Enquirer: 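Please see the structure below; I have some questions.
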Amino acid sequence: MTNKELSTLFATIADLLEIKGEVIYKILAYRRASQTLAEHGRAVSDVWKEGKLRDIPGVGQAIAEKIDELLSTGKLNFFEKLKTEVPVTLAEVLAVQDVGPKKASLFWKQLNITTVAELEKAARGGKLRDLPGLGEKSEAKIILGIEAKKRSSGRVPLGVAWPVAQELVKFLRALPGVRVAESAGSLRRMKATIGDLDFLVASDQAEPVMAAFVTHPLVARVLGHGPTKSSVELTNGLQADLRVLPPDRFGTLLQYFTGSKDHNVKLRELALDKGLSLSEHAFTRKNGQEILCANETEVYKVLGLPYIPPEMREDRGELQAAARNGLPRLIDVKDLQSDLHAHTTWSDGKLSVREMTLAARTRGLKCLAITDHSQSLGVANGLTIDRLRAQRREIDAAQADLGAGFSLLQGAEVEIRADGQLDYDDAILEDLDIVVASLHTSLRQERDKITARLLKAIESRHVDIIGHPTGRLLPDREGADLDMDAVLRAAADSGVALEINANPERLDLDDVYARRALELGCLLAINTDAHHSDHFDLAHFGVGTARRAWATADNIINTWPTEKLLHWLDERGHRRVRRPAPIEVAPPAPPPAPLTMPARPVAQPKPKPSTTRAKASKPKPSSSSARPPKSKTKKAR
DNA sequence: GCCGTTTTCGGCCCGACTGTTTTCAGTCG
């Protein structure tokens with residue numbers, strides 16, 4: 001069983017126990033275990049083989065025994081018995097807004113309702129309103145909840161939620177009386193997928209802000225509307241919540257609603273140790289006296305801690321690290337010096353080499369690797385060897401125009417074929433400045449086979465970076481079934497960098513694997529996989545993922561100064577990296593012309609060595625994809 | 001069910017909003 005399958009099973013157990021009426025702390029324990037199993041960087045089955053299940057946070061004797069039984073026999077008697085006591089389909093009923101364990105249990109026991117379909121039929125038939133504690137309004141809300149559930153498709157990729165959040169924050173900031181407006185929640189923590197949006201406002205006049213929010217054109221339905229809190233469903237199906245408090249309470253408010261829940265629980269325990277109660281309003285002493293915090297730094301300071309960046313707030317050791325003053329200095333988007341994975345019209349990109357280069361340079365980058373697809377990826381117009389050579393001439397010409405301040409590399413995103421062979425032969429690979437190797441096809445091979453395939457690529461002395469290692473696409477396509485620990489160890493051994501693909505549809509490696517990779521000593525690269533100039537602006541999503549993995553700039557090869565990066569590529573030794581030419585050879589070169597928007601691939605006469613690296617040419621690559629986000633949302637439990 | 005340099009037993013975060021409630025339960029975050 002995979003970590004995710006184990007996690008899902010324990011979450012279902014928690015749901016069924018809750019409907020059954022089990023004590024809340026037992027339920028919370030299963031939920032906690034479900035979460036830590038899902039977020040564990042190693043395969044739980046490997047941990048199990050080592051007999052170290054109880055080293056996993058939230059896994060004690062009882063849950064360890066259940067995991068052991070599951071992995072040994074493929075079944076769990078406890079769960080089988082539980083399913084005879086509570087219909088397993090009731091867990092899905094819990095996913096309907098406004099239906100919790102008490103109502104689910106009531107529907108089941110009073111009306112024999114065990115599925116969402118049965119619930120809808122009963123609600124529409126007016127059968128719910130006469131149940132104790134319910135009325136017509138409750139019944140109507142449940143119908144709305146079922147309809148909302150049908151519209152939504154689960155969590156939304158960060159890249160889909162982000163622009164919506166930006167628009168609403170901008171709207172809130174422009175309202176009269178609003179001092180500060182921020183988005184919080186998992187979006188602020190840069191989680192790869194978002195369950196809902198949280199907005200927080202500092203203002204002395206909450207009600208006009210509330211009124212403006214619930215009537216915004218993006219709002220499809222108002223779920224709740226109180227004096228300091230409102231909830232709405234947006235036209236795209238996302239739920240959005242707004243809280244408003246006075247400015248002198250904004251620190252505790254922002255901290256609280258940024259989460260994560262687990263981080264907050266730990267924080268409040270720390271507060272209690274100091275005789276303080278912490279809520280979104282303030283710290284409160286036992287005598288009722290409040291300590292107000294206008295910003296988050298003050299909140300952490302009251303607890304004797306340094307500021308903890310939002311991306312780290314997952315209760316994954318950040319509070320312990322903060323307590324010993326051992327928080328890493330996380331990478332920042334401004335640290336990025338290069339992008340080592342980008343496409344042009346030579347394969348499936350939308351802009352020319354020069355256009356992409358100009359876009360990268362405009363954004364402050366110092367180095368760009370053009371990595372078009374290799375030959376076998378026909379659907380992406382992968383480059384034949386002849387075309388790769390022609391592209392080299394164009395890249396060299398562009399480099400000559402650019403002068404010393406910018407390095408343009410010819411690379412390739414080389415397909416790792418189904419048998420593990422790379423899509424160009426060694427001689428071609430050697431002649432490239434940089435090689436990104438990626439899986440795009442046959443992603444559903446069985447674990448041993450696809451792991452071996454990736455290991456073969458990592459062990460090739462011609463590969464510098466593994467692109468989007470698992471091949472996942474958010475929100476719905478799972479990554480390949482890889483033995484990730486084996487992959488990460490091999491990458492650490494061979495010095496191959498693993499990509500955090502910044503496209504919000506990928507964010508691959510994810511935060512959990514990226515953190516494990518760093519623990520094992522891997523190098524990482526944050527690349528946009530840009531197919532258009534706009535895609536360079538997605539880099540911050542990759543940086544957010546790296547920050548969630550506790551990455552510092554020195555762990556990431558494209559934060560390195562260009563000289564260091566080129567030296568690293570030299571050291572990897574398997575291709576003819578052209579160093580800046582000796583000065584005496586340089587003929588009176590034309591002054592570095594400002595790069596202008598050029599036309600097509602143009603064949604160019606022999607390149608001259610220019611200050612950065614120019615190059616001869618060769619082969620071609622193929623394959624990959626960038627697609628626009630899609631998506632939906634719903635209630636996340 | 002988990003966890004512990006204050007505990008191997010006794011804790012385990014705190015508040016807003018809604019609806020059907022005459023004082024609070026359920027749900028959510």
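For clarity, every value in this text was computed on a predicted model and none was experimentally measured. Naming: A, B, ... by sequence-line order, numbering from 1 per chain.
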Enquirer: Which of these nucleotides, B/dG1, B/dC17, B/dG15, is closest to any side-chain atom of A/P227?
Expert: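 When the side chain of A/P227 is considered, B/dC17 is the closest of B/dG1, B/dC17, B/dG15.
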Enquirer: When the P atoms of B/dG26 and B/dT21 are compared, how many Å lie between them, rounded to an integer?
Expert: 13 Å
Enquirer: For A/Y256, report the nucleic acid contact type (base, sugar-phosphate, nothing); a contact means any heavy atom under 4.0 Å.
Expert: base
Enquirer: Under 4.0 Å from any atom of DNA chain B, heavy atoms only: list the residues of residues 116-123 of chain A that qualify, in numerical order.
Expert: none
Enquirer: Within the 4.0 Å heavy-atom criterion, would you say A/R243 contacts the bases, only the backbone, or no part of the nucleic acid?
Expert: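 Touches sugar-phosphate only.
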Enquirer: Does B/dT18 have OP1 or OP2 under 4.0 Å away from a side-chain N or O of A/S138?
Expert: no
Enquirer: How long is the line joining NZ of A/K266 and C1' of B/dC14, in whole Å?
Expert: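 That distance rounds to 17 Å.
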Enquirer: NZ/A/K103 to CG/A/L131 distance, rounded to the nearest 0.5 angstrom?
Expert: 10.5 Å
Enquirer: So which of A/H263, A/K191, A/R548 actually passes side-chain hydrogen bond (donor to acceptor under 3.5 Å, both in side chains) with A/E314?
Expert: A/R548
Enquirer: Between A/V265 and A/D315, is there a side-chain heavy-atom distance shorter than 4.5 Å?
Expert: no
Enquirer: For A/Y25 and B/dC12, are the ring centres under 5.5 Å apart with planes inclined under 30°?
Expert: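 A/Y25 vs B/dC12: stacking yes.
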Enquirer: When you measure from the side chain of A/P101, which nucleotide among B/dA16, B/dG1, B/dT27 comes out closest?
Expert: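 Of all the options, the side chain of A/P101 is nearest to B/dT27.
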Enquirer: Could you state the interatomic distance from CG (A/L17) to CG (A/L28), rounded to the nearest 0.5 Å?
Expert: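 Going from CG on A/L17 over to CG on A/L28, the span is 11.0 Å.
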Enquirer: So which heavy atom on A/P306 is nearest to which on A/A322, and how close?
Expert: CD-O, 3.4 Å
Enquirer: In whole Å, what separates the P atom of B/dG11 from that of B/dT7?
Expert: 14 Å
Enquirer: Could you check whether A/D241 gets within reach of a base, just the sugar-phosphate, or nothing at all, counting any heavy atom under 4.0 Å?
Expert: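 It contacts sugar-phosphate atoms only.
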Enquirer: Please work out which residues in residues 282-308 of chain A have a non-hydrogen atom less than 4.0 Å from an atom of DNA chain B and list them by number.
Expert: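 DNA chain B contact set from residues 282-308 of chain A: none.
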Enquirer: Should A/Q239 and A/R221 be marked as a side-chain contact (heavy atoms from CB on, under 4.5 Å) after you check the CA-CA gap, both sets of side-chain angles, and the distance that decides it?
Expert: CA-CA 9 Å; A/Q239 182 176 327; A/R221 180 162 79 100; over 6 Å; no
Enquirer: Expressed in whole Å, how much space separates the C1' atoms belonging to B/dT18 and B/dT23?
Expert: 15 Å
Enquirer: Pairing check on B/dG10: which nucleotide meets the Watson-Crick or G-U wobble criteria with it, both distances under 3.5 Å?
Expert: B/dC3
Enquirer: Checking A/A282 now: which residues fulfil side-chain contact (heavy atoms from CB on, under 4.5 Å) with it, not counting sequence neighbours?
Expert: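 In terms of side-chain contact (heavy atoms from CB on, under 4.5 Å), with neighbours along the sequence ignored, A/A282 is linked to A/R249, A/E290, A/L292.
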Enquirer: Can you tell me, in whole Å, how much space there is between the C1' of B/dC2 and that of B/dT8?
Expert: 12 Å
Enquirer: Go through B/dG26, B/dG1, B/dG29 for me and flag the one nearest to the A/K102 side chain.
Expert: B/dG26
Enquirer: Using a distance-only test with no angle check, is there a side-chain donor-acceptor pair under 3.5 angstrom linking A/E298 and A/N295?
Expert: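 Side-chain D/A pair, A/E298 to A/N295: present.
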Enquirer: Round to the nearest Å and state the distance from A/L128 atom CG to B/dT20 atom P.
Expert: 12 Å
Enquirer: Roughly, in whole Å, what's the span from CG in A/D98 to P in B/dG19?
Expert: 9 Å
Enquirer: Minimum heavy-atom separation for A/G479 to A/R472, with atom names?
Expert: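 So the minimum-distance heavy-atom pair works out to N-CB, 3.5 Å.
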Enquirer: Between B/dC14 atom P and A/R249 atom CZ, what is the distance in whole Å?
Expert: 16 Å
Enquirer: Whole angstrom is fine here: how far is it from CD1 in A/I24 over to C1' in B/dC2?
Expert: 14 Å
Enquirer: Please determine whether the number of non-hydrogen atoms from other residues, nucleotides or ligands lying under 6.0 Å from atom NZ of A/K83 exceeds 12.
Expert: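 Counting neighbours around NZ of A/K83, more than 12 heavy atoms of other residues, nucleotides or ligands fall under 6.0 Å, so yes.
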Enquirer: So, is A/K26 near the phosphate of B/dG1, with a side-chain N or O under 4.0 Å from OP1 or OP2?
Expert: yes
Enquirer: Among the candidates B/dT20, B/dG1, B/dG29, find the nucleotide nearest to the side-chain atoms of A/Q239.
Expert: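 The closest nucleotide is B/dG29.
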Enquirer: Between the side chains of A/S231 and A/D241, does any donor sit under 3.5 Å from an acceptor?
Expert: yes
Enquirer: Go through residues 63-85 of chain A and report each residue with a non-hydrogen atom lying under 4.0 Å from DNA chain B, sorted by number.
Expert: A/I63, A/K66
Enquirer: Let me know, please, whether A/L28 or A/K137 comes out on the 5' side of the other along DNA chain B by nearest nucleotide.
Expert: A/L28
Enquirer: NA contact type, A/S277, heavy-atom cut-off 4.0 Å: base, sugar-phosphate, or nothing?
Expert: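 Result for A/S277 = sugar-phosphate.
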Enquirer: Can you confirm whether A/E207 is buried at CD, in the sense that more than 12 heavy atoms of other residues, nucleotides or ligands lie under 6.0 Å from that atom?
Expert: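 Counting neighbours around CD of A/E207, 12 or fewer heavy atoms of other residues, nucleotides or ligands fall under 6.0 Å, so no.
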Enquirer: C1' atom, B/dC12 versus B/dA16: distance in rounded Å?
Expert: 22 Å
Enquirer: Measuring from the side chain of A/K103 (C-beta onward, heavy atoms only), which nucleotide among B/dC28, B/dC2, B/dG26 has the closest atom?
Expert: B/dG26
Enquirer: Cation-pi between A/K66 and A/F10: NZ/CZ under 6.0 Å from ring centre and within 45° of the ring axis?
Expert: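 Output no; distance or angle outside limits.
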Enquirer: Round to a whole Å and report the spacing from CD1 of A/I27 to C1' of B/dG26.
Expert: 14 Å
Enquirer: Going by the angle between their ring planes, with limits at 30° and 60°, are A/Y307 and A/Y300 parallel, tilted or perpendicular?
Expert: perpendicular
Enquirer: B/dC17 C1' sits how many Å from A/D198 CG, rounded?
Expert: 15 Å
Enquirer: For a quick test of reading the model: is some side-chain N or O of A/T228 closer than 4.0 Å to OP1 or OP2 of B/dC17?
Expert: yes
Enquirer: Tell me, which pairs form a side-chain hydrogen bond (donor to acceptor under 3.5 Å, both in side chains) where one or both residues lie in residues 165-183 of chain A, sequence neighbours left out?
Expert: A/R173-A/E182
Enquirer: Could I get a table of every N or O pair under 3.5 Å where one atom is in the protein and the other is in nucleotides 3-11 of chain B?
Expert:
| unit_1 | atom_1 | unit_2 | atom_2 | d |
| --- | --- | --- | --- | --- |
| B/dC3 | OP1 | A/G58 | N | 2.8 |

Enquirer: Look at the side chain of A/D196 and decide which nucleotide, out of B/dG29, B/dT20, B/dC2, has an atom nearest to it.
Expert: B/dG29
Enquirer: How far apart are the closest heavy atoms of A/V88 and A/T12, and which atoms are they?
Expert: CG2-CG2, 3.9 Å
Enquirer: Among the nucleotides B/dC17, B/dC14, B/dA16, which one has an atom lying closest to any side-chain atom of A/H281?
Expert: B/dA16
Enquirer: Kindly indicate, with the supporting measurements, whether the criterion side-chain contact (heavy atoms from CB on, under 4.5 Å) is fulfilled by A/L234 and A/V219.
Expert: CA-CA 4 Å; A/L234 302 177; A/V219 171; 4.1 Å; yes
Enquirer: Rounded to whole Å, how long is the line connecting atom CG of A/L134 with atom C1' of B/dG26?
Expert: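 Going from CG in A/L134 over to C1' in B/dG26 covers 10 Å.
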Enquirer: Report the nucleotide, chosen from B/dG29, B/dC14, B/dC2, that has the shortest atom-to-atom distance to any side-chain atom of A/S279.
Expert: B/dC14
